[in-house]
Amino acid sequence: MQITPSTRGSRTVLTLAGKLDNAGSEQLRAELLPRLSAGPASVALDCSALDYVTSSGFRVLLQAEKEQRKHGGRLLLAGLTPALRNLSQNAGLHTGLHRVPDLDSALAAES
Amino acid sequence: MTTPATPSAHPHSPLSFVEEILLLALDDTTGALRPMPVMGLDYALAGALLADLALANRIDTDPQQLVVLDRAPTGDPLLDRALGQIATAPAPQSVSHWLGVFASERSTLERAALERLVARRILAQQEKKFLWVFGVRRYPTVDNQERVEVRTRLSALILGDELPDPRDAILISLLTASHLLARIFDDARYHARSERIATLARMDLVGREVAAAIDTLARVLRTATPVMGM
């Protein structure tokens, strides 16, 4: 999986491309978890080029959202493909994870 | 002199899912198994075994298949035997396939888990003669701290709005699938949280597959068994 960090306002945007499988989860955990303590709205994930998530991928997303809530905020998950939206819905994560269709408008609404 | 290898886990290591599920399936006072649907414990223990392998980073799952990530032994003979079986299969199979395989090994899983819980001094083993002929084994609780702790944690999770950590998501999922959760938390406060419980129970894929296997079997049995008496 490719992870490309960039900065948008107060958030670090991590653009994810490829497969969030076990190896991808380890990469994401290392990139993501240390950034969550920066503040309540520190990270957004651009998932529009993400094409696959396994159970270990969902576990990292859940763990990251839990961590972000400890700092009073939510992780932003933008641009999930319909298949992944469906998968996260089946996994009962539609209420747990803050999913937005479009990163630009979500970030614009925050500022 | 070398120490002989024992099948028991280290007494102070955290309980595996297989041990945890079996412990919660036993009644605190009688030491007997709580009522469960047909094959309920079989599939729950099989799911627990897969969950142990997943959190040990040996396997990963998606709705289509279960893949081996790492064949390196975990040091737990129960897990390593299962891992060997999965790794040597000619082609990757689905989670439900492996649940079926390991559910058929319920007696092995159950016996190993009981031995470990006795070795950890959580349970004691008691033989009772039944009709002076058959020995009936019961496993009364010696130390109920583990059960109390996990129930307190799961109760807070069900009644609150926090997200679960992965271990608790798996536990709730397996306990719900095998209908044990409703037996453990059986009062109005929990009944009012059925939607929350259903959401939490869906958060783990193996748990969802365990629920599907148990529910499908129950449906088949309902339609296949003629109604007797009454």
Side-chain angles (χ1 to χ4, degrees), chain A residues 1 16 18-30 32-33 36 40 43 45 47 50-77 80-99, chain B residues 17 47 50-72 92 94-96 98-99 157-158 160-174 176-177 193-212:
Chain A
M1 188 176 65
L16 312 181
K19 293 179 175 183
L20 182 51
D21 53 12
N22 190 264
S25 306
E26 289 305 312
Q27 276 176 273
L28 183 60
R29 182 172 301 166
L32 181 54
L33 294 186
L36 296 174
V43 183
L45 298 177
C47 303
L50 189 64
D51 47 38
Y52 178 72
V53 182
T54 65
S55 294
S56 54
F58 279 119
R59 280 200 288 272
V60 171
L61 293 178
L62 195 62
Q63 191 189 357
E65 170 66 20
K66 199 170 156 63
E67 192 58 34
Q68 186 69 106
R69 287 186 190 186
K70 281 189 200 157
H71 297 283
R74 303 290 306 268
L75 192 67
L76 210 55
L77 244 71
L80 284 170
T81 62
L84 288 184
R85 249 199 334 267
N86 218 349
L87 212 57
S88 66
Q89 188 110 4
N90 288 342
L93 297 176
H94 51 297
T95 51
L97 298 177
H98 186 27
R99 306 174 308 174
Chain B
F17 285 114
L50 295 183
D52 280 324
L53 284 172
L55 288 204
N57 276 320
R58 296 306 193 275
I59 60 165
D60 199 0
T61 55
D62 67 34
Q64 279 75 43
Q65 62 179 19
L66 183 158
V67 291
V68 173
L69 303 168
D70 184 357
R71 291 181 179 214
S94 63
V95 170
S96 68
W98 289 114
L99 284 176
L157 191 57
I158 292 167
D161 292 306
E162 295 261 313
L163 281 176
D165 69 28
R167 284 200 75 85
D168 288 343
I170 291 169
L171 261 185
I172 290 212
S173 193
L174 292 174
T176 306
R193 301 290 284 173
S194 58
E195 218 168 289
R196 162 89 172 155
I197 292 171
T199 302
L200 290 169
R202 276 161 61 192
M203 289 187 179
D204 180 65
L205 186 140
V206 170
R208 291 204 297 280
E209 297 283 346
V210 169

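In what follows, chains are A, B, ... by sequence order, proteins preceding strands, each numbered from 1. Since this is a predicted model, take the numbers as computed values, not measurements.
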Exercise: identify the closest heavy-atom pair between [X] and [Y]:
{"X": "B:D161", "Y": "A:R69", "result": "O-NH1, 4.0 Å"}
{"X": "B:P63", "Y": "A:L87", "result": "CG-CD1, 3.5 Å"}
{"X": "A:A91", "Y": "B:R208", "result": "CA-NH1, 3.4 Å"}
{"X": "A:K66", "Y": "B:D165", "result": "CE-N, 3.9 Å"}
{"X": "B:R202", "Y": "A:N90", "result": "NE-O, 3.4 Å"}

**Asked** Given a strict heavy-atom distance threshold of 4.5 Å, which part of B:D204 is in contact with chain A: side chain, backbone, both, or neither?
**Response** side chain

**Request:** Let me know if B:D60 has heavy atoms under 4.5 Å from chain A in its side chain, its backbone, both or neither.
**Result:** side chain

**Any B:M203 side-chain heavy atom under 4.5 Å of A:L93 side chain** = yes

**Request:** Indicate yes or no: at least one non-hydrogen side-chain atom of A:L62 is less than 4.5 angstrom from one of B:P166.
**Result:** no

**Spacing of A:E67 atom CD and B:L163 atom CG [to the nearest 0.5 Å]** = 11.5 Å

Portion of [X] that has a non-hydrogen atom of chain B nearer than 4.5 angstrom:
{"X": "A:S25", "result": "neither"}
{"X": "A:E65", "result": "both"}
{"X": "A:F58", "result": "neither"}

**Request:** Check whether more than 12 heavy atoms from other residues, nucleotides or ligands sit under 6.0 Å from atom CD of A:Q89, and answer yes or no.
**Result:** yes

**Request:** Go through A:S88, A:S55, A:G96, A:S56 and name the one with the most non-hydrogen pairs under 4.5 angstrom from chain B.
**Result:** A:S55

